[in-house]
Asker: 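Quick one: structure below, then a few questions.
Hydrogens, waters and symmetry mates play no part in the numbers below; they use all other heavy atoms, side chains included. Chain identifiers are assigned alphabetically (A, B, ...) following the order of the sequence lines, protein sequences preceding nucleic acid strands; residue numbering begins at 1 within each chain. Computed from a predicted model, the values in this text were never measured in an experiment.
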Protein chains: 2
Amino acid sequence: MHLLLVEDDKLVAEGLCRSLRQQGYSVEHCASIKSAMQWLENDEIELLVLDLGLPDGDGIDVLKHVKKHRPNLPVVILTARGSIDDKVQGLDLGADDYLAKPFDPAELFARLRVASRRVTHAQSSTINVANVEMDTSAFTVTLDQEPVNLPRKEFMLLKALFENQGRVLSKQQLESKLYEWGEEVGSNTIEVHIHHLRKKLPKDLIKTLRGIGYVVGKR
Amino acid sequence: MHLLLVEDDKLVAEGLCRSLRQQGYSVEHCASIKSAMQWLENDEIELLVLDLGLPDGDGIDVLKHVKKHRPNLPVVILTARGSIDDKVQGLDLGADDYLAKPFDPAELFARLRVASRRVTHAQSSTINVANVEMDTSAFTVTLDQEPVNLPRKEFMLLKALFENQGRVLSKQQLESKLYEWGEEVGSNTIEVHIHHLRKKLPKDLIKTLRGIGYVVGKR
DNA sequence: ATTTTTCTTAAGGTTTATTTAAGTTTTGCT
DNA sequence: AGCAAAACTTAAATAAACCTTAAGAAAAAT
């Protein structure tokens with residue numbers, strides 16, 4: 001899941017970037033309205049975390065712009081201002097959520113999961129396919145109730161497939177979910193990860209559609 | 001918009017009911033888990049505002065029940081408990097939002113507007129011809145609901161025909177859909193693919209117009 | 001700083017899809 | 001009917017996609 005973090009405080013930004021990545025997001029970061037606008041040209045940004053206290057203008061303008069051009073993009077706003085009027089304004093402009101600083105990262109993550117659920121149409125944080133259950137917020141997978149240990153990339157890959165149960169995802173699509181912008185994958189990484197997943201899970205869980213991609217479930 | 005408010009504090013409930021109605025909602029109110037469950041049998045409830053501090057049990061159970069039986073019903077949770085763990089749990093169970101008491105009604109209204117905005121309409125990219133259904137985005141084809149496995153070129157070929165249902169496509173036109181510019185096809189490829197398709201699908205689905213081309217449907 | 005785990009790369013092997021080509025059947029025409 | 005053109009069928013050859021393995025690089029944990 002591609003996320004854009006707009007936050008000018010270097011320290012905060014750095015910490016958030018790291019922990020967001022640990023949560024499985026591909027994080028792009030910028031610190032000004034200007035560059036935020038540029039990033040948002042990129043259609044693959046799927047989630048926006050926006051600090052309102054920016055140096056070169058009011059973050060609300062970014063929000064307006066987003067809602068005009070990408071009305072379905074989920075937005076979570078961070079702000080030092082705590083007044084309710086601000087909250088109401090942000091929400092009515094189309095923000096999906098609003099967090100006043102200081103906040104606990106765990107709460108931000110939970111709210112991001114809510115926001116991204118909308119994009120992926122998943123309802124809760126667990127997804128079952130056959131006898132495999134994935135908890136996307138706890139980062140765990142079980143096979144017949146037995147825990148299965150999956151490294152991060154394998155987990156993300158499986159998650160992408162689970163969230164699109166019954167839909168075929170091409171290798172390209174999968175790559176774009178696992179890697180950030182500019183990162184090039186010059187090889188058969190996906191194939192290798194799939195192979196590792198198949199060794200740990202029922203062999204027919206992930207089906208290959210030659211020339212098209214991979215699917216899970218519903219067939 | 002039909003809204004169910006589950007709140008046991010009479011004073012709070014009364015005030016909320018009134019102002020929610022002023023906001024244009026038709027409000028049903030109840031004060032226990034038991035009656036909440038009953039109300040939720042009613043499919044006309046479109047929005048749920050749930051207080052977690054109920055007399056006869058844990059409101060989280062209501063949330064679980066709702067998400068199981070009405071996974072698309074938007075839920076906003078009210079609570080006195082302020083701990084982050086509660087929030088995270090509530091959100092991960094599928095609540096769309098979470099407000100800690102005391103809160104400003106204006107903020108609740110704003111969050112309700114966000115929650116009810118969510119009328120997502122998944123557009124299916126399927127084309128039906130006779131008893132064959134094709135989902136062009138999932139790359140799947142079913143015959144009488146039974147999946148049919150089609151390799152890429154066969155799929156593309158069938159897709160071209162389906163997208164031009166009732167229109168005759170010449171072999172040349174079909175070739176140009178399957179191949180890149182400059183790619184030469186020195187043979188009867190199309191004929192062979194058509195042949196393979198006919199073996200997997202109803203034999204009369206693809207009709208041949210001698211000297212002209214192939215058609216599907218509407219005739 | 002060291003060890004362990006995870007990730008990427010690349011080469012070779014396997015399977016499956018696609019093309020080719022040759023033989024066969026169908027069709028439309030005179 | 002007899003002929004030629006077009007389409008169908010089949011099987012083998014080629015090509016593409018994918019799988020497997022293993023080793024080295026990178027990242028994380030100790």
Asker: Out of C/dC7, C/dT19, C/dT8, which nucleotide sits closest to the side chain of A/Thr189?
Answerer: C/dT8
Asker: Nearest whole Å is fine: how far is D/dA7 C1' from B/Glu175 CD?
Answerer: 14 Å
Asker: Indicate whether OP1 or OP2 belonging to D/dA16 is found under 4.0 Å from a side-chain N or O atom of B/Lys153.
Answerer: no
Asker: Who passes ring-ring contact (aromatic ring centres under 6.0 Å, His included) against B/His195, sequence neighbours left out?
Answerer: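 With sequence neighbours excluded, B/His195 shows a ring-ring contact (aromatic ring centres under 6.0 Å, His included) to no residue whatsoever.
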Asker: Rounding to an integer number of Å, can you tell me how far B/Glu154 CD sits from D/dA16 P?
Answerer: 17 Å
Asker: Within this structure, what is the CD1-to-P distance between A/Ile190 and C/dC7, rounded to whole angstrom?
Answerer: 12 Å
Asker: Check each of B/Lys159, B/His193, B/Lys200 against B/Glu154 using the side-chain hydrogen bond (donor to acceptor under 3.5 Å, both in side chains) test, and report the only one that passes.
Answerer: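 Output: one option passes, namely B/Lys200.
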Asker: For C/dT18, does either OP1 or OP2 sit under 4.0 Å from a side-chain N or O belonging to B/Tyr179?
Answerer: no
Asker: Heavy atoms under 4.0 Å is the rule here; annotate nucleotides 17-30 of chain D 5' to 3' with B where the base is hit, S where only the sugar-phosphate is, and - elsewhere.
Answerer: BSBBB------S--
Asker: With sequence neighbours left out, write down each residue that passes side-chain contact (heavy atoms from CB on, under 4.5 Å) with A/Ala160, or none if nothing qualifies.
Answerer: A/Leu169, A/Leu174, A/Lys177
Asker: For B/Asn149 and C/dT16, give me the distance from atom CG to atom C1', rounded to whole Å.
Answerer: 11 Å
Asker: Whole angstrom is fine here: how far is it from CG in B/Leu158 over to P in C/dT18?
Answerer: 13 Å
Asker: When you measure from the side chain of B/Glu107 to the backbone of B/Asp104, do you find a donor-acceptor pair of N or O atoms at a distance under 3.5 Å?
Answerer: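 Not confirmed, B/Glu107 side chain does not pair with B/Asp104 backbone.
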Asker: Only counting residues at least two apart or in another chain, list the ones meeting side chain to side chain donor-acceptor pair (under 3.5 Å) with B/Gln165.
Answerer: none
Asker: side-chain contact (heavy atoms from CB on, under 4.5 Å) with A/Met156: which residues, sequence neighbours excluded?
Answerer: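 Here the qualifying residues are A/Arg152, A/Leu178.
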Asker: Does B/His193 have a side-chain nitrogen or oxygen under 4.0 Å from the phosphate oxygens OP1 or OP2 of C/dT19?
Answerer: yes
Asker: What pairs with B/Ser176 under side-chain contact (heavy atoms from CB on, under 4.5 Å), at least two apart in sequence or on another chain?
Answerer: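 Partners of B/Ser176 under the side-chain contact (heavy atoms from CB on, under 4.5 Å) test: none.
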Asker: What integer distance in Å separates B/Leu178:CG from D/dA16:P?
Answerer: 15 Å
Asker: A/Leu174 has an atom CG; how far is it from atom P of C/dT8, in whole Å?
Answerer: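 Distance, rounded to whole Å: 14 Å.
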